[in-house]
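Below is one structure; the comments refer to it alone.
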Amino acid sequence: MKAGFVSLGCAKNLVDTEVMLGILQKNGIELTNEPSEADVLIVNTCAFIESAKEESITTVLNMADYKNSGCCRSLIVAGCLGQRYGQQLLDEMPEADAIIGTGAWQRIMEAVDETLKGNRVVISGESEIIYDARMPRIMTTPGYTAYVKIAEGCDNNCAFCAIPMIRGHYRSRKFEDVVEEVKRLASEGVKEINLIAQDTTNYGRDLYGKPRLAELLKELCRIDGIKWIRTLYSYPRFFTDELIDVIASEPKIAKYVDLPLQHAHDAILRRMHRADTRESIEKLLEKIRERIPGVTVRSTFIVGFPGETDAHYQALREFLLKQRFDKVGIFTYSKEEDTPAYSMDGQVSEDVMQERYHELMSIQSKISEETNQALEGKELDILVEGRDEEQQTIAVGRSYREAPEVDGQVYIEGDTDSKPGDIVRVRVTQGFTYDVVGEPVEKKK
């Protein structure tokens, strides 16, 4: 029997996919990348915002075509969409044979068995289980890089966000278990570790009574074979002085801070149920930039949140111009049912949201281009990921400044022999809006 998987959404969802793949393989099911060959097709969905839900539904319907044109006998909808809508989804989508939520990924074989018997089932509900280092996991990322989820769920309860409803309350993995997994990954040739959670800076508070991300990073830096460690999704509230010092002092830690701030006006931050203020954010950014030389700061912002007036928006615009972030993601507000913001007054029209979105993207594009041009003449270590499709003499990779999948790339001209996973010293020759071009100085082992 063969199973095929489509994983949508964030890297946290991808880890769930990899663990489910491991469970399937452990139970004797062959995995295939060809949907037409799969007896069982599983779509691990995202339901964070409306566009993600639409993509998930479209993908499920596309996979349903293989019931006619391929071998598919079972189509399973897993992940956030299944957790959020459960029985409703099964009732309204006859193409799906089973719904399995985020709290029930460990029961993927049950879903497979039931559907192959001809039963349509919903397997959802809350689960306290977090994957651990001993669970089977099939990596889908290139062999030199891996995501490691250090916690599940979220307790921040931002007014716009459905994640606490979908993923449950915040639950950290045990310190020793994370270390064990990273040691295993290092033994398998992984060079880059990307630590993820809905809120990485909150890691450990539920288990140990205090945040332990800084301690965890120091311990992971001791593991032979690991070259880069990157932390993503860092909530500003618990971005401590200790964490700043560890990032600054440990050579293996990428000088890259991913700090989703969402807005910069106190009135909107309060309506969002964020614990930050404009003043606290500015003080934190100043501290990070002063104490971590060469740091790259990435953030995300929402325009069009209910109640956002032109004055609130102009404050956000001015904040972006002043702070000059290295990387920024801009999102229009998505009205999500069952969240506090859903019924708030002052809903902003789609036209206004789009206007604000495009203006901020234009501002940030210019900042990004100027930031990358300022790199010209400087040398960076580049993790090679492949070759340019059109010109094989150009290698493509990332520096510490680029997280996988979400940021730009570095194009290395005249590099004819580097292979994926190599680390090459590169001198930047040109900076563009999202990508930079360079030439090799030396190859590192």
Side-chain angles (χ1 to χ4, degrees), residues 1-47 52 55-83 89-90 93-102 104-123 131 134-149 184-185 188-190 385-387 389 404-405 419-421:
M1 184 180 297
K2 294 183 179 181
F5 236 101
V6 179
S7 189
L8 304 174
C10 65
K12 298 179 287 292
N13 221 33
L14 182 64
V15 172
D16 293 345
T17 292
E18 293 175 340
V19 177
M20 284 190 279
L21 287 171
I23 292 171
L24 292 171
Q25 188 179 72
K26 186 178 180 180
N27 282 272
I29 294 180
E30 184 181 343
L31 306 176
T32 177
N33 290 322
E34 294 295 335
S36 61
E37 298 177 357
D39 302 282
V40 179
L41 283 170
I42 303 162
V43 182
N44 197 11
T45 59
C46 179
E55 180 189 19
S56 294
I57 291 169
T58 299
T59 303
V60 171
L61 295 176
N62 288 340
M63 291 300 104
D65 290 342
Y66 290 103
K67 288 187 172 184
N68 297 319
S69 62
C71 304
C72 182
R73 295 184 286 145
S74 169
L75 177 58
I76 299 172
V77 179
C80 295
L81 198 70
Q83 181 72 25
L89 191 63
L90 194 70
M93 187 171 279
E95 296 86 354
D97 299 298
I99 308 297
I100 180 167
T102 56
W105 51 262
Q106 75 281 8
R107 297 171 64 186
I108 185 65
M109 278 307 303
E110 181 183 339
V112 171
D113 292 340
E114 287 296 320
T115 54
L116 291 179
K117 292 175 186 175
N119 300 323
R120 299 182 77 226
V121 295
V122 175
I123 305 174
Y131 90 99
R134 292 164 294 285
M135 287 184 176
R137 181 181 174 191
I138 304 297
M139 306 300 294
T140 59
T141 50
Y144 50 81
T145 185
Y147 293 104
V148 174
K149 191 190 295 191
R184 177 179 58 77
L185 291 170
E188 295 171 356
V190 172
E385 297 196 288
R387 310 207 72 77
E389 292 182 2
E405 301 179 53
K419 296 178 175 54

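Residues Leu31 and Ile138 have side chains in contact (heavy-atom distance under 4.5 Å, counting atoms from C-beta outward). At least one side-chain heavy atom of Leu8 sits less than 4.5 Å from a side-chain heavy atom of Thr59. Between Cys46 and Ser56, some side-chain heavy-atom pair lies under the 4.5 Å cut-off. Looking at heavy atoms from C-beta onward, Val6 lies out of side-chain contact with Val60 at the 4.5 angstrom threshold.
In summary, of the residues considered (Leu24, Ile108, Val40, Ile23), a side chain to side chain contact (heavy atoms under 4.5 Å, CB included) with Ile29 occurs for Leu24 alone.
Side-chain atoms of Tyr131 and Gln106 form no donor-acceptor pair, as typed in the model, at a separation below 3.5 Å.
Distance alone, capped at 3.5 Å, places no donor-acceptor pair between the Ser36 side chain and the Gly70 backbone.
By the salt bridge (charged side-chain N to carboxylate O under 4.0 Å, His left out) test, Glu95 pairs with no residue at all, sequence neighbours left out. In this view, Cys10 and Lys12, Asn13, Tyr233 satisfy the side-chain contact (heavy atoms from CB on, under 4.5 Å) rule, not counting sequence neighbours. Taking Thr17 as the reference, Phe5, Ser7, Leu21, Asn44 meet the side-chain contact (heavy atoms from CB on, under 4.5 Å) condition, with sequence neighbours excluded. For Thr140, the side chain to side chain donor-acceptor pair (under 3.5 Å) partners are Glu18, not counting sequence neighbours. In this view, Glu55 satisfies the side chain to side chain donor-acceptor pair (under 3.5 Å) rule with no residue, not counting sequence neighbours.
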Taking only distance into account, with no hydrogens and no angle test, what donor-acceptor pairs under 3.5 Å do side-chain atoms of residues 109-121 form with protein atoms, sequence neighbours excluded?
from: Glu110; atom 1: OE1; to: Arg107; atom 2: NE; distance (Å): 2.8
from: Glu110; atom 1: OE1; to: Arg107; atom 2: NH2; distance (Å): 3.1
from: Glu110; atom 1: OE2; to: Arg107; atom 2: NH2; distance (Å): 2.9
from: Glu114; atom 1: OE1; to: Asn119; atom 2: ND2; distance (Å): 2.8
from: Thr115; atom 1: OG1; to: Ser74; atom 2: OG; distance (Å): 2.6
from: Thr115; atom 1: OG1; to: Ala111; atom 2: O; distance (Å): 2.9
from: Thr115; atom 1: OG1; to: Val112; atom 2: O; distance (Å): 2.9
from: Arg120; atom 1: NE; to: Ala96; atom 2: O; distance (Å): 3.1
from: Arg120; atom 1: NH2; to: Leu90; atom 2: O; distance (Å): 2.9
from: Arg120; atom 1: NH2; to: Met93; atom 2: O; distance (Å): 3.1
from: Arg120; atom 1: NH2; to: Ala96; atom 2: O; distance (Å): 2.8

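Between Tyr147 and Arg137 the shortest heavy-atom distance is O-NH2, 2.6 Å.
Residues in residues 63-73 take part in these side chain to side chain donor-acceptor pair (under 3.5 Å) pairs, two or more places apart or across chains: Lys67-Asp97. Residue pairs that meet the salt bridge (charged side-chain N to carboxylate O under 4.0 Å, His left out) test with at least one member in residues 26-37, sequence neighbours left out, are Lys2-Glu37.
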